[in-house]
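Just the heavy atoms: all of them, side chains too, but no hydrogens, waters or symmetry mates, feed the values below. Below, read A as the first sequence line, B as the second, and so on, with proteins coming before strands; counting in each chain starts at 1.
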There are 2 protein chains.
Amino acid sequence: MRQNPTLKKIAEKLSLSISTVSRALKDHPDISAETKKKVNELAELIEYDPNPYAVNLRTHNSKEFAVVVPSLSNFFYHSFISSIEEDARIYGYSIIIYRSSNDPKIELEILKNCRHKRVSGIFIAITSETKEIEPFLKLDTQGIPVIFFDKVPAYESCNKICVNDAHAATLAALEILKKDVKRVFGIFGDKNMSITQVRLPKFSEVLLNANPDINLETVHATSSDEAECMTLKALSNYKKNDFVVFCMSDETLAGAMKAIQRKGLKTPEDIGIIAISDGMIPKLFYPEITYAETSGFKLGKLAFSRMMKCIAGSSFAQTIIDQSILVKGGSL
Amino acid sequence: MRQNPTLKKIAEKLSLSISTVSRALKDHPDISAETKKKVNELAELIEYDPNPYAVNLRTHNSKEFAVVVPSLSNFFYHSFISSIEEDARIYGYSIIIYRSSNDPKIELEILKNCRHKRVSGIFIAITSETKEIEPFLKLDTQGIPVIFFDKVPAYESCNKICVNDAHAATLAALEILKKDVKRVFGIFGDKNMSITQVRLPKFSEVLLNANPDINLETVHATSSDEAECMTLKALSNYKKNDFVVFCMSDETLAGAMKAIQRKGLKTPEDIGIIAISDGMIPKLFYPEITYAETSGFKLGKLAFSRMMKCIAGSSFAQTIIDQSILVKGGSL
DNA sequence: CTGAAAGCGCTTACAG
DNA sequence: CTGAAAGCGCTTACAG
């Protein structure tokens, strides 16, 4: 393994001290223009780059951000990661990916790992089972900013970036109300998930307050397959054009669409459908599915910019809510 | 920022030397059982964990793998990353994600970054424009194993893990031949992509060798939207049940399905469709789309195990080909 | 069985 | 404007 160029090597070749070379490279005002030029030229030539481990040992700045998510097979998190990666490149940070598998024990281990690696900051969507948030707060006090996103804890005083679940649910409900609909079938995710706990009551509230006569049936599905089964069951007493399906997530949407296709129904003629989604799955169908957007990409941008402020020393905690927008397809 | 526990702290509390503590912690045979016990207990108590930067500075082992892909909005790469992440956890490695945006310049920069970070190894799917592979080989000689996957260079002597494109194309062609079909519309990706250059000729060869009377039309689409347009055009002189669409990728499949839905056609009654895919998109439709599987997950497992062998000292290069299997849906 | 010492490659107060 | 020196936290030959 060829040795990488070091400060020492440059210093020797130029008959300077290591300190001077180090300073020249960081454009320290003490160093003469001439020396700087010499040093930089040689550094360029031999492709010098500081050993990040040595730098970190001194400065405690790893230039690495961790992104922790419950699952990697999720379109929303992908856009988030993609978005963060984009910004990180620009600022010279790397992104380390961790998956908690929705297991608080693994999550805790990951946190420990992040601490030992002295990452510069953590972006995390917590598991639906996470109860204790002390470990997260502890990291914050140790100088590792923690930005919660999407799945965030209830605790007030921490940095949270979330989609406006209530707003998204409201947009979807209002869109449904524009149609003359008697029956709404709402498919929601796991009861334990914080997003379910916001989206379900808000959706019901908006819908039923505006029109108490609507026959609203809600179910909880923990997988696409389950959502498909439940939709099929609901469709057993189907009446043409009298029925709207609402899906609170891509996962439930995938299941519902499978059931609708299985029954040979067409949207929007035979049945209406609307979802809350990041947008990938809605665009696979024709007509495209109308959805209230929760954009992982936008959330990533917001989270990253909040992170940079924390790194720069902003100490107060802040909750940032990304408003949702309605993207019209032709499915309703 | 609270100070992390160090060897020094343990040594002081126990009135031992740092060397002894270090050895005790790694179960060195020289150290007495009694001392080991004392040290380990205290280490446990104060949650000692070695500073990875200090360790790396000495040992040059970062325990980090880099994964470099052209794009992060790609289901295949997600499964690959997910698969690698799973194994990495077990072995105590972290995964750093890089996206080249299919730009060889960015790719080169990433490579440089990996070298400076002294990552333990690199998994990379190169860009379709990558011409020079010397930089990759150089890393290998510097002791950083490089495992190419999916998009691999033509150069012989390097570690490559790929799906068997020829095999997948063959499986799809054979499946089409089972039906009595006159007309096949094949949608392929960018001409520059290595996978296109294998899948297209093989598919044509198998199909036409078996049945020269088949009217095979092939097109290249660089996006879903383009694939949709091209499919719509092909469908303009559509005759019921006389037509099979073959899509070489998820991207083209998404476009083709959009066109088929737009025309109000049903699979397989009105039109047959078959693809090469990782499996996510085919399963969104009913009937599910028949596809020759190229599994990012399986590829990840193979790549990781090859990586561990390289780390362990295996120096010869090896090309591993993952065979494809046909997953039957009902779309053909 | 244990310890003193050198060194990994850098940064930065201190001195001149 | 430049340099000698200490130190970040660890590992490991060397000595006893």
Starting from [atom2] on [N], measure out to [atom1] on [X] and report it in whole angstrom.
| X | N | atom1 | atom2 | answer |
| --- | --- | --- | --- | --- |
| A:Leu57 | C:dG7 | CG | C1' | 12 Å |
| A:Arg23 | C:dC10 | CZ | P | 15 Å |
| A:Lys9 | C:dC10 | NZ | C1' | 14 Å |
| B:Asp49 | D:dC10 | CG | P | 10 Å |
| B:Leu7 | D:dT12 | CG | C1' | 13 Å |
| A:Ile10 | C:dC10 | CD1 | P | 8 Å |
| B:Arg58 | C:dA5 | CZ | C1' | 11 Å |
| A:Ile18 | D:dA6 | CD1 | P | 14 Å |

Rounded to the nearest 0.5 Å, how far does CG of B:Asn159 lie from CZ of B:Phe123?
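So the gap between those two atoms works out to 10.5 Å.
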Can you identify which nucleotide, out of C:dT2, D:dC10, C:dC10, has its nearest atom closest to the B:Ser32 side chain?
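The nucleotide sitting nearest to the side chain is C:dT2.
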Ignoring the backbone of A:Ser17, work out which of D:dT2, D:dT12, D:dG3 is nearest its side chain.
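Ranking D:dT2, D:dT12, D:dG3 by closest atom to the A:Ser17 side chain puts D:dG3 first.
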Under 4.0 angstrom between [X] side-chain N/O and [N] OP1 or OP2:
| X | N | answer |
| --- | --- | --- |
| A:Thr59 | C:dC10 | no |
| A:Ser22 | C:dT11 | yes |
| A:Tyr53 | D:dT11 | no |
| A:Thr20 | D:dG3 | yes |

Reckon A:Leu16 touches a base, only the sugar-phosphate, or nothing at all at heavy-atom distances under 4.0 Å?
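Sugar-phosphate only.
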Using a heavy-atom cut-off of 4.0 Å across all strands, would you classify B:Ser19 as base, sugar-phosphate, or nothing?
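Here B:Ser19 touches the bases of the nucleic acid.
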Is there a donor-acceptor contact under 3.5 Å from the side chain of B:Thr127 to the main chain of B:Glu129?
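Yes, the answer is positive, given that a donor and an acceptor are paired below the 3.5 Å cut-off.
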Should we say atom NZ of B:Lys63 is surrounded by more than 12 heavy atoms from elsewhere, each under 6.0 Å from it?
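Count over threshold, so yes.
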B:Ser79 and B:Phe297: which non-hydrogen atoms are nearest, and at how many Å?
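Heavy-atom minimum between the residues: CB-N, 3.7 Å.
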Could you let me know what D:dC14 is paired to, Watson-Crick or G-U wobble, both distances under 3.5 Å, or none if it's on its own?
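D:dC14 is paired with C:dG3.
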Describe, in one word, how the ring planes of A:Tyr91 and A:Phe304 are oriented to each other, choosing from parallel (under 30°), tilted (30 to 60°) and perpendicular (over 60°).
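Taking A:Phe304 first and then A:Tyr91, their aromatic rings sit tilted (interplane angle of 30° to 60°).
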